[in-house]
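This report refers to the structure that appears directly beneath it.
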Amino acid sequence: MEPLNQRSTTPLERVVSQRALQMSNSFTCQICVVALFCGLCIVSLILAILGNFQFAHFSMLNLSFNSDLNTTITHCSFKPKQIERLTDLKSDQDERVSLLYSAWSCVLTEPTTERSKCLWKLGISESNLPNAPHLENCKAKSLLHNRLDTRIVNDSFPPWTSRKGLLNMHPLAVSEGTHPPWIAGSDEENYPLTRKVQRDIWVHQHPSNCSDPNVKFLLADWERLPGFGIGAQIAGMCGLLAIAINEGRVLVTNFYNRADHDGCSGPSRSSWNCYFFAETSVECRQRALELVKIEDALSKGILTTKENYTSKHIWAGPTPRIWGDPWNYLQPTTDINGSLVASHRKMDRRWWRAQAVRYLMRFPTEYTCNLLNEERHAAFGKMAAKMVLKSLIGEWPKVNSPLIFLFGIED
Ligand SMILES: *[C@@H]1O[C@H](CO)[C@@H](O)[C@H](O)[C@H]1NC(C)=O
Ligand SMILES: *[C@@H]1O[C@H](CO)[C@@H](O)[C@H](O)[C@H]1NC(C)=O
Ligand SMILES: *[C@@H]1O[C@H](CO)[C@@H](O)[C@H](O)[C@H]1NC(C)=O
Ligand SMILES: *[C@@H]1O[C@H](CO)[C@@H](O)[C@H](O)[C@H]1NC(C)=O
Ligand SMILES: *[C@@H]1O[C@H](CO)[C@@H](O)[C@H](O)[C@H]1NC(C)=O
Ligand SMILES: *[C@@H]1O[C@H](CO)[C@@H](O)[C@H](O)[C@H]1NC(C)=O
């Protein structure tokens, strides 16, 4: 079926009518030819029958293509070989790749009004634009993450677990839902105890009532000495998270110099929360910032700050032991002189830093997601455009057929 990979610039109708004339003039077969030309015979037949012009997934297309197409072709007494091989001009192909790439660049433009204008200038309508497989829907993603990161009022469970009342009704949801959604894969695919530890850190950092006088805090700025790279800053914060957990305090991070720029606007300015979801809830942050103004809070030990700890304490990383010594079960990953070392004295620190970083970076913000989209687009956009155009069924963007827009690739 390789001729289908090659796009023609000849008007669709001409080829179709030629072929249709040579064939039975039944309506079904005419549709079949149109669709065949688009590589979608069976799918469109189904759609035509159902009169239901909704989504057809690419995978569906793939399946029907290999199994059912032959039958339909035979039925319509039409052989794919008969399709004229209409050669592409290379420059035309390049032009389409650039056009698709530019159109996707428009999609990355904010605000939405600018986006439409940008697409309009290219002569492309958004509904006719194939999905970009390398771009994420950042708005939808961050809405979802927001929901997964917000406690349900009065609920003692994290938001991704089944609530008590529902346990009996949805027994299956329990095992599926109890794990933190930012951890992909099973326990075997992650560092030992990762899912339990991530869940416990989240619960620790999100007490259900931050105003409860029993909730204590550790409020700390990120390191900002000029010599500190981002890795050192994160390593320092991992140490502080370890201290906070050991002392039963909620860690609240404050000034973050790398977010002190206009890209991080509003309350996210100079905050870790510009790039990633905050380490704690809004309520706990507010509470900690209130407490810092109350003199008693420090002397009574409800609040501590970085000044309460020596830098040695912070950097030595007193790995929490509440989960035992899970690092003893780590697969060897340390390579010294070409051989893997199964055990060494910093295993615990490595394990803990991995946990802390995983937690602090559990959900990127919409801002980070957009930055990543832009970077991916710059790095892979052209490649993605080429691939999409290759697998795209039918003309793009010239022929404004509903079939073509329906079968834009979804991912
Ligand atoms: C498409 O079909 C081919 C051949 O049957 C198969 O190898 C491939 O995995 C399929 N792709 C998808 C996305 O289903
Ligand atoms: C498709 O049809 C042709 C001719 O009718 C036949 O020779 C060929 O084996 C068929 N292929 C498949 C995969 O069924
Ligand atoms: C939460 O609990 C408090 C105290 O038990 C109660 O007054 C309040 O109505 C509850 N809120 C919701 C939304 O259930
Ligand atoms: C949280 O704790 C404070 C102090 O004990 C209390 O006044 C407040 O009602 C609590 N809020 C909820 C929602 O239980
Ligand atoms: C933290 O430091 C403050 C001020 O130096 C001090 O009053 C307080 O007791 C310290 N807290 C702890 C838990 O050591
Ligand atoms: C690594 O191997 C080289 C050559 O085999 C040796 O000279 C060196 O001392 C080794 N280093 C360590 C840290 O074992």
Side-chain angles (χ1 to χ4, degrees), residues 145-167 177-178 180 199-225 228 232-257 267 270-273 277-323 348-349 352-353 355-356 359-360:
H145 290 162
N146 209 32
R147 200 156 50 76
L148 293 173
D149 211 57
T150 311
R151 248 188 208 283
I152 298 152
V153 182
N154 285 358
D155 200 331
S156 56
F157 289 86
W160 60 87
T161 49
S162 305
R163 272 159 294 146
K164 252 191 236 155
L166 295 174
L167 282 186
T178 44
R199 179 184 191 278
D200 290 352
I201 299 176
W202 192 93
V203 170
H204 173 93
Q205 286 291 105
H206 294 80
S208 47
N209 186 355
C210 297
S211 309
D212 189 318
N214 293 321
V215 177
K216 298 185 293 175
F217 297 91
L218 194 175
L219 178 67
D221 287 347
W222 292 76
E223 294 291 347
R224 62 173 116 178
L225 295 174
F228 277 54
Q233 290 180 311
I234 288 174
M237 202 45 86
C238 292
L240 285 164
L241 182 60
I243 292 171
I245 292 204
N246 286 335
E247 296 189 356
R249 297 176 183 280
V250 174
L251 175 70
V252 179
T253 72
N254 211 5
F255 183 83
Y256 185 45
N257 56 357
S270 307
S271 163
W272 179 249
N273 184 221
F277 275 55
E279 66 292 337
T280 186
S281 62
V282 178
E283 294 79 19
C284 279
R285 166 175 306 275
Q286 274 168 358
R287 173 78 178 148
L289 293 175
E290 275 163 31
L291 284 173
V292 83
K293 293 179 202 139
I294 303 171
E295 265 174 51
D296 264 10
L298 269 176
S299 57
K300 282 191 178 149
I302 299 170
L303 180 79
T304 55
T305 63
K306 226 157 78 184
E307 285 66 45
N308 280 91
Y309 311 99
T310 63
S311 58
K312 185 161 177 267
H313 192 187
I314 294 169
W315 288 97
T319 302
R321 303 274 159 164
I322 51 175
W323 299 286
D348 62 328
R349 191 177 303 173
W352 170 250
R353 282 189 183 163
Q355 298 298 345
Y359 175 74
L360 290 172

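Excluded from the calculations below are hydrogen atoms, water molecules and symmetry mates; all remaining heavy atoms, backbone and side chain alike, are included. Counting starts at 1 for both ligands and their atoms, in listed order.
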Flag: protein heavy atom within less than 4.0 Å of atom 5 (O) of ligand 5: no
Minimal non-hydrogen separation, Phe217 against Cys284, with atom names: CE2-O, 3.6 Å
Heavy atom of Pro213, distance to ligand 4 below 4.0 Å: yes
Distance in Å, Arg321 CZ paired with Ile245 CD1, rounded so as to fall on 0.5 Å steps: 14.0 Å
Flag side-chain contact, heavy atom, 4.5 Å: Phe277 against Asn146: yes
Top protein contact for atom 7 (O) of ligand 5, by heavy-atom distance: Ser299 CA, 4.0 Å
Nearest-contact summary for atom 9 (O) of ligand 5 - protein heavy atom, Å: Leu298 O, 4.0 Å
Asn308, any N or O under 3.5 Å of ligand 5 N or O: yes
Separation of Ser211 OG from Glu290 CD (nearest 0.5 Å): 7.0 Å
Asn209-ligand 4 polar pair, N/O distance under 3.5 Å: yes
Side chain, backbone, both or neither: the part of Thr304 lying under 4.0 Å from ligand 5 by heavy atom: side chain
Reported CD1-to-CD distance for the pair Ile201 and Glu279, which is rounded to 0.5 angstrom: 12.5 Å
Trp272-Tyr359 aromatic ring centre distance below 6.0 Å: no
